[in-house]
Amino acid sequence: MRVLVAEDDASVSAALAAVLGRADHACLRVARGSDVLLQHRDVELVLLDLGLEDMDGLEVARHLRTRSRASILAVSADGSEDRKVLALEGAADDFLTKPF
């Protein structure tokens, strides 16, 4: 599976890519929402941190949903029920709370 990891923390991004790589998934890493929107083609899954430096992750997810069939897994340190509901109603397919 081809996975786009959108995470602005380089150590978290590297760890996710390493784990996914060991499971034979091809990973592309980006740190900005604008890069997600430019490089989402040909990926099946987007691991999308909702706290990216240039755009709100929910906004990225909404834009991505209109351009791609990739599954979106929203990732956030804010695991509040409100944040989860916003993410799932806003275009994410599922939600994962950091740390994991």
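Note on E89 versus K84: no salt bridge recorded, every NZ/NE/NH1/NH2 to OD/OE distance being 4.0 Å or above.
Between L50 and A87, the closest heavy-atom pair is CD1-CB, 4.1 Å. For R29 against A10, the heavy-atom pair with the smallest separation is NH2-O, 3.6 Å. Taking both residues in full, the closest heavy atoms of A61 and A91 are given as O-CB, 3.5 Å, listed atom of the first, atom of the second, then distance. When all heavy atoms of E53 and A31 are compared, the closest pair comes out as CG-O, 3.8 Å. Taking all atoms of both residues into account, the shortest heavy-atom contact from D42 to R2 is O-CD, 3.0 Å.
Within the 4.5 Å cutoff, the side chain of L20 has heavy atoms near those of the V5 side chain. When side chains are defined from C-beta on, L64 counts as touching I72, because their heavy atoms get closer than 4.5 Å. No side-chain heavy atom of E7 sits under 4.5 Å from any side-chain heavy atom of L47.
In the hydrophobic clustering of ILVMFWY residues, with side-chain heavy atoms under 4.5 Å counting as a link, L45 and L96 come out together. There is a path of hydrophobic side-chain contacts, each under 4.5 Å, that joins V43 to M55. Residues L48 and V12 do not share a hydrophobic cluster, defined by chaining ILVMFWY side chains whose heavy atoms lie under 4.5 Å apart.
From D49, atom CG reaches atom CZ of R32 across 14.0 Å, with rounding to the nearest 0.5 Å. To the nearest 0.5 Å, the span separating CD on E59 from CG on L37 amounts to 8.5 Å.
Without hydrogens or angle criteria, R65 side chain to G90 main chain gives no donor-acceptor distance under 3.5 Å. At distances below 3.5 Å, not a single donor-acceptor pair connects side-chain atoms of H63 with backbone N or O atoms of V60. For D54 (side chain) and S34 (main-chain N/O), a donor-acceptor pair under 3.5 Å exists by modelled atom type.
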Go through it in stages, so that I can follow the logic: the residues are L58 and R83, the test is side-chain contact (heavy atoms from CB on, under 4.5 Å), and I'd like the CA-CA distance, side-chain angles, deciding distance and then a yes or no.
CA-CA 10 Å; L58 294 175; R83 188 67 166 168; 3.5 Å; yes
Begin with the C-alpha distance, continue with both residues' side-chain angles, and end with the deciding distance and a verdict on side-chain contact (heavy atoms from CB on, under 4.5 Å) for V75 and F95.
CA-CA 6 Å; V75 180; F95 188 94; over 6 Å; no
Please step through side-chain contact (heavy atoms from CB on, under 4.5 Å) for the pair L73 and D93, ending with a clear verdict.
CA-CA 6 Å; L73 177 57; D93 294 297; over 6 Å; no
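Side chains of D78 and S76: no donor on one and acceptor on the other come within 3.5 Å. Side-chain contact annotation: S11 with D9, donor-acceptor N/O pair under 3.5 Å present.
Within 6.0 Å of the CZ atom in R69, the count of heavy atoms belonging to other residues, nucleotides or ligands does not exceed 12.
Checking each of V36, L52, V46 against V30 for a side-chain contact (heavy atoms from CB on, under 4.5 Å) leaves exactly one that passes, namely V36.
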